[in-house]
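Per chain, numbering begins at 1; letters A, B, ... match sequence-line order. Keep in mind that this is a model prediction, so the values were computed, not measured.
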Amino acid sequence: MAKMVVLQQPTKQPSISLLPSSFSDFNGTKLCQIQYKRKVGKPKGALHVTASSTKKILIMGGTRFIGVFLSRLLVKEGHQVTLFTRGKAPITQQLPDESDSDYSDFKSQILHLKGDRKDFDFVKSSLSAEGYDVVYDINGREADEVEPILDALPNLEQFIYCSSAGVYLKSDLLPHCETDAVDPKSRHKGKLNTESLLESRGVNYTSIRPVYIYGPLNYNPVEEWFFHRLKAGRPIPIPNSGNQITQLGHVKDLATAFIKVLGNEKASKQVFNISGEKYVTFDGLAKACAKAGGFPEPEIVHYNPKDFDFGKKKAFPFRDQHFFASIEKAKHVLGWKPEFDLVEGLTDSYNLDFGRGTFRKEADFSTDDLILGKSLVLQA
Amino acid sequence: MAALASSSSSLLFSSPPSKLPSPSLPRLSFSTSSFLSSSSSSSSLSLSHSFNAYPISTRRYSASSFTVQASAADKKKVLIVNTNSGGHAVIGFYFAKELLASGHDVTIFTVGDEGSDKMKKPPFSRFSEIVSAGGKTVWGDPAEVGKVVAGATFDVVLDNNGKDLDTVRPVIDWAKSSGVKQFLFISSAGIYKPTDEPPHVEGDAVKADAGHVGVETYLAEVFSSWAVFRPQYMIGSGNNKDCEEWFFDRIVRNRPVPIPGSGMQLTNIAHVRDLSSMLTVAVEKPEAASGHIFNCVSDRAVTLDGMARLCAAAAGLPVEIVHYDPKAVGIDAKKAFPFRNMHFYAEPRAAKDILGWEGTTNLPEDLKERFEEYVKIGRDKKPMKFELDDKILESLKVPVAA
């Protein structure tokens with residue numbers, strides 16, 4: 001038996017918040033899944049899902065960036081995937097390099113559970129009514145958002161959480177490793193609190209800590225910030241020495257990592273840093289973006305941020321410090337490794353997104369002009 | 001909705017947090033994340049390895065160095081051709097002692113004369129430790145290695161001396177002709193081409209004209225079982241060249257520490273015991289090591305400013321760091337500062353992946369031990385001149401405490 005009942009969930013229809021009553025009366029939902037035989041003819045390739053049965057999977061979020069790629073991989077693996085979103089963004093979107101038939105296959109299989117995850121009562125009741133084997137929490141920020149999920153699903157097989165390397169305490173010794181001290185005061189303390197909650201609840205969890213994620217559909221202006229300036233033929237203003245070291249991880253590699261931990265005993269109650277194989281200096285990143293987009297080598301202008309008052313605006317998309325994490329644990333324990341190197345990954349992002357004229361944030365060169373004005377650099 | 005017991009699925013993941021990976025893997029896995037937050041989190045976890053965890057305030061490392069007594073069948077006869085000075089000299093000293101402790105036969109061949117002044121400095125001044133552990137010490141010219149070792153044969157040779165083919169070729173050729181099975185060479189991570197994408201990883205481009213590269217290439221052509229090790233900087237008792245001492249000298253005298261550039265440059269400073277353990281694993285797993293290059297470094301990088309801070313913390317003293325532009329001041333940073341004025345950062349990925357080696361360097365703790373020795377030998381009281389420092393500080397108009 002290949003799959004459970006799969007609902008058609010076309011995006012144009014008004015979303016139904018719960019599956020039809022006939023389905024939820026299907027008392028044996030969980031029972032059915034447990035009795036599934038091992039799937040015959042597992043797809044080849046890097047995606048080895050060690051758990052044998054098809055799973056009923058809920059993704060919190062999943063319509064914007066990571067989830068777009070992750071949900072496709074999960075559906076391809078034969079799992080039943082539901083996205084929990086408010087429905088503000090389209091549930092699915094066709095990727096630029098995705099064939100019409102692939103897209104319609106995917107679209108016809110993905111399910112939507114419409115709701116606001118901040119409405120904890122709704123989360124608890126709707127999830128408990130559905131019952132899921134695995135939850136991927138891609139957009140959770142605070143521990144209280146996760147509690148109702150755990151309360152609703154006492155038999156949850158695995159809770160897979162997208163945390164952040166931002167939880168690490170700043171250190172003179174790098175790279176950050178999973179065993180390192182974390183910062184309870186960091187901007188990402190909600191992620192930390194969530195990890196603590198997962199540990200204390202005894203649930204089988206896996207926490208993934210990405211560094212900076214990049215790739216097509218990125219809504220955080222990481223590579224986009226450079227591409228805007230390169231396209232405009234503008235100098236790239238980089239704070240201080242430009243030798244600060246950061247690290248980018250391609251979203252597709254991150255999605256693959258999320259698949260690797262699914263049903264994986266070795267990932268049980270473990271934390272993994274997931275990012276690129278190599279790190280990069282700020283100056284180096286500017287050059288890599290130029291290469292990726294086929295632009296000439298950029299003019300880089302260094303400045304002292306203390307000389308300026310940018311108000312609320314961010315003059316540069318990265319933390320002005322070294323920030324990178326070791327992925328050796330994931331490589332050794334999961335057998336995962338990134339497929340994209342930096343220039344390849346940035347090229348992928350450029351070709352499938354910015355290079356086609358799409359981006360999330362309009363260019364805003366106001367902070368650049370402040371910097372360049374003071375530095376008396378002539379613009380092209 | 002029926003909440004089923006589904007005990008079968010929960011059993012799948014009932015493994016306790018301390019579970020290590022399958023026994024066939026020699027390396028450790030990080031079994032649980034440890035939250036060392038200062039808040040009263042009730043969920044503080046402990047690393048439940050059976051290995052030592054360094055109980056440091058800010059981080060924990062899992063240590064894994066262990067020595068295994070060589071059985072008679074595994075006992076190797078090892079020749080170490082050792083330089084008579086410089087930052088690498090101490091490697092041979094630790095390696096000799098570790099091999100001897102593991103039951104191997106060791107001869108350490110130091111370049112030059114036994115009576116030379118160079119032999120009065122550490123680690124040579126402590127060679128009695130090698131002898132009392134059963135090792136042999138000889139001196140001479142590596143170009144005549146066969147003569148110097150008086151016809152003895154060896155299973156393994158480590159060349160921890162030559163920086164170019166002219167110096168090492170005679171040793172390699174002799175080793176091959178006399179039936180040496182495994183040849184190890186101490187190269188240098190300094191041969192990596194500078195990169196925008198650190199760290200330096202084995203396989204990355206190297207400077208073709210570097211002397212060490214000539215040796216590495218020749219060795220690979222000529223020997224079947226070879227391994228190359230590329231170190232950076234090291235600390236450890238018996239070091240022939242100053243490393244942390246440079247910082248201690250200034251910190252204990254309440255002098256500012258002048259660091260070129262931004263101070264954000266990353267470097268790699270390992271305890272020499274890590275280099276020795278990596279070499280030892282290669283000797284004990286020759287098939288695994290064969291044909292590979294290994295970055296012989298610790299598994300953490302440190303910034304130059306960070307090193308100053310860690311030295312100060314180890315000394316229990318404050319530190320004032322002053323940055324300067326060597327060109328603007330008109331001094332040669334190579335003379336004024338012990339580390340390269342750029343990112344110089346390699347990671348020991350091949351050693352971890354291929355040899356199952358784990359680093360144990362713990363700079364915060366190791367530097368404490370180094371500082372204790374620094375004081376014990378009275379170096380903190382030694383009168384010193386800081387001419388280059390003074391020149392730098394003068395140009396920056398930084399006052400120095402009397």
Handout entry: Contact summary for A:Lys278 and B:Pro199, nearest pair of heavy atoms
Key =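 Looking at all heavy atoms of both residues, the closest pair is NZ-O, 3.0 Å.
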Practice task
Determine the minimum heavy-atom distance between B:Arg300 and A:Pro175, stating which atoms define it.
Solution key: NH1-O, 2.7 Å
Is chain B contacted by the side chain of [X], its backbone, both, or neither, given a heavy-atom distance below 4.5 Å?
X	value
A:Thr281	both
A:Gln321	backbone
A:Phe282	neither

Problem - Note: A:Glu328-B:Arg349 ion pair, threshold 4.0 Å (strictly below) - result: yes
Exercise for the section: Check the surroundings of atom NZ in A:Lys291: do more than 12 heavy atoms from other residues, nucleotides or ligands lie under 6.0 Å from it? Expected result: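 Atom NZ in A:Lys291 is not crowded, with 12 or fewer foreign heavy atoms closer than 6.0 Å.
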Practice task
Measure up the A:Tyr279 and B:Tyr345 rings against each other and bin them: parallel (under 30°), tilted (30 to 60°), perpendicular (over 60°).
Solution key: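 Parallel, since the angle between the ring planes stays under 30°.
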Handout entry: Atom group of B:Ser262 that falls short of 4.5 Å from chain A, counting heavy atoms
Key =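 Looking at B:Ser262, just its side chain touches chain A.
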Practice task
Mind jotting down which residue pairs meet the salt bridge (charged side-chain N to carboxylate O under 4.0 Å, His left out) criterion with at least one end in residues 240-250 of chain A? Sequence neighbours excluded, please.
Solution key: none
Handout entry: Partner chain B: residue of A:Ile245, A:Asn240, A:Val167 with the largest heavy-atom pair count (under 4.5 Å)
Key =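 Ranked by contacts with chain B, first place is A:Ile245.
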Handout entry: Options A:Asn243, A:Leu153, A:Asn193, A:Asp283, ranked by heavy-atom pairs under 4.5 Å with chain B, top entry
Key = A:Asn243
Problem - Contacts with chain A made by residues 263-272 of chain B (heavy-atom distance under 4.5 Å), listed by residue number - result: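 At a heavy-atom separation under 4.5 Å, chain A is reached by B:Met264, B:Leu266.
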Practice task
Tabulate, in ascending numerical order, the residues of residues 309-323 of chain B having at least one heavy atom closer than 4.5 Å to a heavy atom of chain A, or enter 'none'.
Solution key: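 Interface residues of residues 309-323 of chain B: B:Arg309, B:Leu310.
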Handout entry: Partners meeting salt bridge (charged side-chain N to carboxylate O under 4.0 Å, His left out) with B:Asp196 (sequence neighbours left out)
Key = A:Lys287
Exercise for the section: Calculate, to the nearest 0.5 Å, the distance between atoms CG and OG belonging to B:Asp299 and A:Ser326 respectively. Expected result: 8.0 Å
Handout entry: Among the listed options B:Pro198, B:Gly261, B:Gly306, the residue most often paired with chain A at heavy-atom distances under 4.5 Å
Key =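 Highest number of heavy-atom pairs under 4.5 Å: B:Pro198.
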Practice task
Measure the shortest side-chain to side-chain distance between B:His343 and A:His322 over non-hydrogen atoms and say whether it is less than 4.5 angstrom.
Solution key: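 In contact.
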Practice task
In sequence, state the C-alpha distance, the side-chain angles, and the governing distance for B:Asp305 and A:Asp172, and then conclude on side-chain contact (heavy atoms from CB on, under 4.5 Å).
Solution key: CA-CA 8 Å; B:Asp305 278 3; A:Asp172 287 326; 5.7 Å; no
